[in-house]
Visitor: 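Dumping the structure here so I can ask a few things about it.
Proteins come first, then strands; the chains are lettered A, B, ... in the order of their sequence lines, and each starts at number 1.
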Amino acid sequence: MLFCGFQIFSNIYLQKRPVSAKFFFLFFFLFCTTIYGQQVLDNKYDFVVTNQTLPDGLWSLTETTDVQIVFSNNDFSEKEYSFSFQQKSLRFILDRLLENEGLRFTYEDDQVLILKKTTPKVTVSGYVEDVETGERLIGANIYEVKSQLGTTTNEYGFFSLTTKVVKPVLEVSYLGYATYRLPVGGSNKEQVLVLLKPSLTLTEIVVVGRDSISNNNFTESATELNLSEKLISLPTLGGEVDVLRIMQQLPGVQNGTDGLGGLYVRGGNADQNLVLLDGVPVYNPYHALGLYSIFDHNIIKKVKYLRGEFPARYGGRISSVVDVRTKEGNNKEYHGQGTVGLIASKLALEGPTQKNKGAFFISARRTHLDPFLKRYSEQERRDNGDTGSYNYYFGEVIAKLNHQLSAKDRIYLSFYKGNDTYQNDKETDRLSDDFRDQSTLSQDLTWGNTLGVLRWNHQFGNKLFTNLTATYSQFKFTSNELRNEQYTLDGTVLFADFIQSIYRSRINTFSVKYDVEYVPSPNHYIRAGIVGSQHLFSPGAVSQRDSSSIEEEVLSEDVSGLEREVLEAGLYFEDDWQIGKKLKINWGAYVSLFAVPDKNYLLVDPRLALQWKITRHLQFSASANRMTQQLHLLTRTDSGFPSDLWVPSTSKIKPQRSWMFDAGLNWRFKKDWSVTTSAYYKRMSNLLNYTEGSNALPNTGVLISLDWENRVTTGTGLSKGIELLLKKENAKNVGWLSYTLSESTRQFDEINSGERFPFRYDLRHVLNLSYSRQLTERWRVAGSFAIYSGSRISLALNEWQYVRQDGKPDFVYQNFGEKNSYTLPAYHRLDISASYKKEIPKGYWSVDMGIYNVYNRRNIYYIESDYNPGTQTLGYTSVSLIPVLPYVSLSISI
Amino acid sequence: MSENVSVLLFVCSLVFFFSCEEEETLDFSEDKKLVLLSNFSPDSLLRVSLSTTIAINGAFGTTTNYPNDAVVEFFEDGIFKEQLSYHSGNDLIAPFYFSNFNPKIESNYLLQAKVNDFREIESRGKVPPVVNIQSLSLTDSTVVEDANILGRLIYNLSVELLLENILDTTQYFHLKAYRFINGKTRACNLSTAEGTGTPLLHESGVLLRSSDFQQGELNVGIDFIFNENIESKSPIYLELRHTEENYYRFHKSIGEQEAFSANQSVFSSEVFFIYNNVENGLGNFSGYSAVLDSLLF
């Protein structure tokens with residue numbers, strides 16, 4: 001060996017290379033010590049260890065061999081070993097001693113160093129799919145058995161898990177599917193496709209919230225709705241299963257009578273909910289003023305509902321997130337489903353465009369009450385001595401395509417269009433002595449959403465998933481109204497009036513978004529993204545003409561030039577960071593830039609949420625969130641009318657913002673019970689409202705839209721509350737009781753004399769009880785009961801006479817007191833339902849039946865003023881909407 | 001199976017329990033209040049109208065009650081000044097309480113009123129300093145003859161009004177125009193540019209804020225009918241009242257409720273509120289100072 005060293009030295013020297021002497025001596029020293037070390041390790045010894053921990057054993061070995069062994073006690077377990085070696089090399093003895101402790105050794109500087117073994121990391125990534133349909137599964141749990149590390153699939157079924165286990169074994173589970181174990185082989189980068197088989201016998205968790213355990217035993221803060229049979233079987237309104245109506249039964253959600261007016265989450269306004277359909281914001285997610293949502297349950301794959309913790313990837317609204325993901329279609333075989341219900345009929349078709357590679361999904365729904373409604377209204381008008389009818393219907397279609405370009409690339413294309421239509425035609429001709437009153441009214445109102453998405457998923461390596469999306473979202477409201485009125489006396493025209501108004505309001509948003517998900521280790525899940533949006537607002541009347549017997553006056557004409565374009569950009573970063581086994585933090589920020597003429601708003605929304613696992617069954621969660629909303633919904637009635645106007649922030653009107661603080665406990669007890677409590681505090685600023693008196697202007701709703709900026713006022717909102725969710729769930733039953741105690745107020749300088757007043761939907765107590773039970777293999781029964789405090793309105797309970805400055809008595813004015821100071825009676829309702837399902841070859845058929853509002857509670861929708869011309873006094877009558885309403889619907893799926 | 005039966009029994013019992021459901025009876029009982037109305041200035045004796053509210057859903061035919069036994073007391077800068085006397089009014093004038101005292105500019109006034117069965121009310125007011133008219137000039141004039149009535153002329157004047165001491169802080173004004181015809185006061189219609197001022201229906205004139213003026217200047221339209229058969233030409237008087245904010249807000253809201261009533265929606269959430277600065281009651285107690293200028297046409 002020395003010769004070899006000398007040989008190298010000679011070669012270097014002889015070639016006269018400019019090698020420094022230092023390099024040579026260092027090299028020589030290392031070489032020699034290595035050679036010497038090899039000799040020491042090969043020396044043979046007799047060595048015996050009996051019931052000793054490894055550190056003690058190594059001390060004994062030092063004494064036996066006279067070789068210094070350096071180690072740290074912290075690297076060893078307290079396990080005791082017994083060994084007996086006879087004439088074995090030191091290398092052999094050390095190998096045996098250390099092999100079960102995950103340690104290795106090296107010889108340096110005349111001593112043996114004991115070190116931790118460095119195991120190469122293995123990253124397994126891939127997708128989880130339904131084996132029968134090829135649908136990718138959102139939120140499936142992936143759990144590595146040996147390391148006990150886990151993760152979940154994202155919205156596109158992708159997951160990435162890095163572990164130090166050489167040959168990891170994945171356990172993949174998903175609600176309603178058989179758990180699957182998958183050993184993954186050798187290489188450090190594995191791409192897998194996990195196919196799960198549906199299992200009807202498994203326990204399905206229906207409402208997953210803080211009451212469910214996800215990977216790593218942390219309870220999710222989001223509430224997920226998995227539309228399993230247990231949930232679908234809950235009573236519905238007219239047989240239409242509606243995800244937003246189900247959401248109304250959860251804590252923290254307030255709503256108007258019978259669900260009208262939309263969702264009001266934790267004291268927020270209806271426009272403050274970020275409702276996403278496959279990632280596209282929907283401006284009006286309702287049909288029939290909020291009685292139904294645009295989400296037919298047959299198209300839904302998964303719904304995520306966030307009301308407390310808002311990860312940074314969600315921006316643009318300040319109160320809640322409802323993230324609805326729809327089915328992509330079956331890429332194995334063709335299927336169809338048809339439903340005929342009391343209110344609507346539906347048809348859905350799906351199948352492969354290329355087997356295992358691509359699929360299409362198309363679904364359509366339309367109400368079919370219009371022929372009956374038309375006939376009924378014609379009769380009603382005839383009974384009143386008039387002619388004409390009124391009618392209402394809605395319909396929608398969703399069409400989707402997806403195709404897998406490669407194992408790591410997939411494109412999606414989807415389109416949604418929904419429309420509501422209301423028509424009202426009335427002709428009146430009344431003759432009294434010689435006086436004749438003739439009038440015609442023709443109203444045609446249509447409104448709806450149009451959405452489009454083009455998306456490209458791409459996976460870089462095993463840890464990086466990206467998503468490039470182009471989206472389009474439009475909400476349009478159009479009203480055509482014609483009024484003609486004429487009074488004649490003895491054939492002479494006393495008064496003639498003709499008003500025609502065409503009103504169009506539209507908001508278009510086109511966005512391009514790039515999202516990145518990076519999973520560097522099991523302890524971090526990083527998401528980042530950038531989005532750019534163009535909003536186009538077209539509020540206003542196209543034309544309005546008033547032609548009376550005196551003169552014709554054009555009130556407003558062609559205001560198409562009032563379209564307003566604004567640009568919005570967003571940037572976010574968030575990290576789901578697990579610190580040890582008991583603490584998880586989600587931190588991040590959403591930065592938004594909103595560019596309007598004369599002003600740019602650059603705002604940063606920090607987000608922080610933590611989950612602390614106190615014991616195995618008890619978890620504490622808390623979050624603090626700053627939210628920004630650049631768009632505002634101007635509403636005149638708080639009743640979810642489609643004529644409500646979407647407007648942007650401007651140089652005068654600042655973006656809405658909120659601070660939300662939330663803390664809660666989740667406790668699982670017994671086998672299938674859980675209780676979740678939360679307390680929240682929310683402060684909102686720059687809320688927008690019409691000033692008092694805006695509605696007093698003539699042509700309400702038309703001209704107001706044109707100069708809305710001069711007719712609004714901004715204010716603040718404050719909301720606080722305590723929520724409770726008690727739930728029991730097992731294979732046959734699911735039931736929950738939710739209760740919310742809350743207070744929500746508003747303050748605007750120019751409303752209610754600047755005094756703080758209760759929010760219209762400040763429902764102090766809200767209690768919901770829902771229960772669904774599988775009676776037999778085919779029969780399921782369910783019931784739900786809701787009771788909550790009445791909503792707040794402003795009602796004049798007295799009036800007073802004005803005395804002019806010259807002392808003369810004048811008009812009488814109503815005293816409404818404080819705004820929203822009158823509380824309507826409590827709302828309560830009981831619904832029951834039963835469903836029967838029978839399997840048939842390649843599918844099933846089912847019948848759902850039930851009774852909505854079983855005991856015919858006349859819950860008040862609004863109070864109508866009732867003027868008595870005889871006494872010139874005003875009274876009130878209450879108006880209720882939905883009486884007891886039985887329903888039945890039939891579905892066939894093949 | 002027994003568990004199934006118990007579930008069904010539970011549901012049935014809920015149904016039976018609520019089957020006796022009746023229509024909800026709404027509570028429309030009112031909280032009766034005193035209504036105080038007084039706009040005072042140094043140019044006249046303090047006069048207060050005191051009445052009670054009328055139940056909106058109560059017995060039909062109820063009319064306004066003007067209590068005659070109220071104790072109405074008046075304080076100036078925290079010092080008791082006098083108790084107001086009652087006047088029963090007449091066929092045209094509603095009953096009122098009056099003092100023999102002219103309020104002063106910049107003094108703080110407190111009015112308290114006590115009536116049996118009502119909560120004691122009180123309100124505070126102040127007379128703001130005078131804002132003078134620097135100039136008033138006629139800029140345009142059109143006259144249209146009424147085709148139906150000979151000698152009846154419809155005048156439309158445009159005037160330019162320039163104020164003297166407009167401040168940086170918001171000031172509130174009530175501008176009125178009137179003529180004297182055969183010893184009686186006749187109000188003229190005033191109009192201002194769109195988005196400027198609030199025309200009043202219950203009182204004549206227009207309410208303004210200092211922001212409605214451009215460097216103290218404002219263009220005002222004056223409309224009136226001149227009937228040369230029964231009157232001779234006389235000046236048009238412009239009265240500029242510099243008012244308290246309470247005055248402005250009250251009259252603006254009352255005018256707007258008038259217009260609102262004509263367009264009332266069936267949705268009870270859509271209502272309009274009248275501004276109120278009377279504690280435990282309703283109405284308005286606020287001061288103003290006025291200057292007068294005239295214009296010939």
Visitor: Is the side chain of A/Asn798 donor-acceptor paired with the backbone N or O of B/Asp31 at a distance under 3.5 Å, no angle test?
Guide: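 Yes; judged by distance alone, with no hydrogens or angles, the pair exists.
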Visitor: Give, as side chain, backbone, both or neither, the part of B/Phe250 having an atom under 4.5 angstrom from any heavy atom of chain A.
Guide: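 Just its side chain gets close to chain A.
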Visitor: At a heavy-atom distance under 4.5 Å, which candidate from B/Gly283, B/Ser51, B/Ser38, B/Ser49 has the highest pair count against chain A?
Guide: B/Ser49
Visitor: Looking at A/Gln801, A/Arg804, A/Gln805, A/Glu818, which has the largest count of heavy-atom pairs under 4.5 Å with chain B?
Guide: A/Gln805
Visitor: Is any side-chain heavy atom of B/Leu201 closer than 4.5 Å to one of A/Phe811?
Guide: no
Visitor: Can you confirm whether B/Val35 sits close enough to A/Tyr813 that some side-chain heavy atom of one is under 4.5 Å from a side-chain heavy atom of the other?
Guide: no
Visitor: What distance separates A/Asn752 CG from B/Asn276 CG, expressed to the nearest 0.5 Å?
Guide: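 One gets 10.5 Å once the value is rounded to the nearest 0.5 Å.
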Visitor: Where on B/Leu282 is there a heavy atom nearer than 4.5 Å to chain A: the side chain, the backbone, both, or neither?
Guide: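 B/Leu282 touches chain A through side-chain heavy atoms alone.
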Visitor: Surrounding CZ of B/Arg209 (heavy atoms of other residues, nucleotides or ligands, distance under 6.0 Å), is the total greater than 12?
Guide: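 Result for CZ/B/Arg209: open.
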Visitor: Sort A/Asp806 into side chain, backbone, both or neither according to what part of it lies under 4.5 angstrom from a heavy atom of chain B.
Guide: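 Contact with chain B involves the backbone of A/Asp806 alone.
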Visitor: With a 4.5 angstrom heavy-atom cut-off, is it the side chain or the backbone of B/Phe96 that approaches chain A, or both, or neither?
Guide: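 Answer is neither: B/Phe96 stays 4.5 Å or more from chain A.
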Visitor: Say you draw a straight line from OG1 of B/Thr53 to CD of A/Glu799; how long is it, rounded to the nearest 0.5 Å?
Guide: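 B/Thr53 OG1 to A/Glu799 CD: 9.5 Å, rounded to 0.5 Å.
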Visitor: Heavy-atom distance under 4.5 Å to chain A: side chain of B/His87, backbone, both or neither?
Guide: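 Contact with chain A: none, neither part.
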Visitor: Which heavy atom in B/Phe273 sits nearest to a heavy atom in A/Gly817, and how many Å separate them?
Guide: CD2-O, 3.3 Å
Visitor: Please name the pair of heavy atoms, one in B/Glu203 and one in A/Tyr802, separated by the smallest distance, quoted to 0.1 Å.
Guide: OE2-OH, 2.7 Å
Visitor: What pair of heavy atoms forms the shortest contact from A/Pro809 to B/Tyr66, and how long is it?
Guide: CB-OH, 4.2 Å
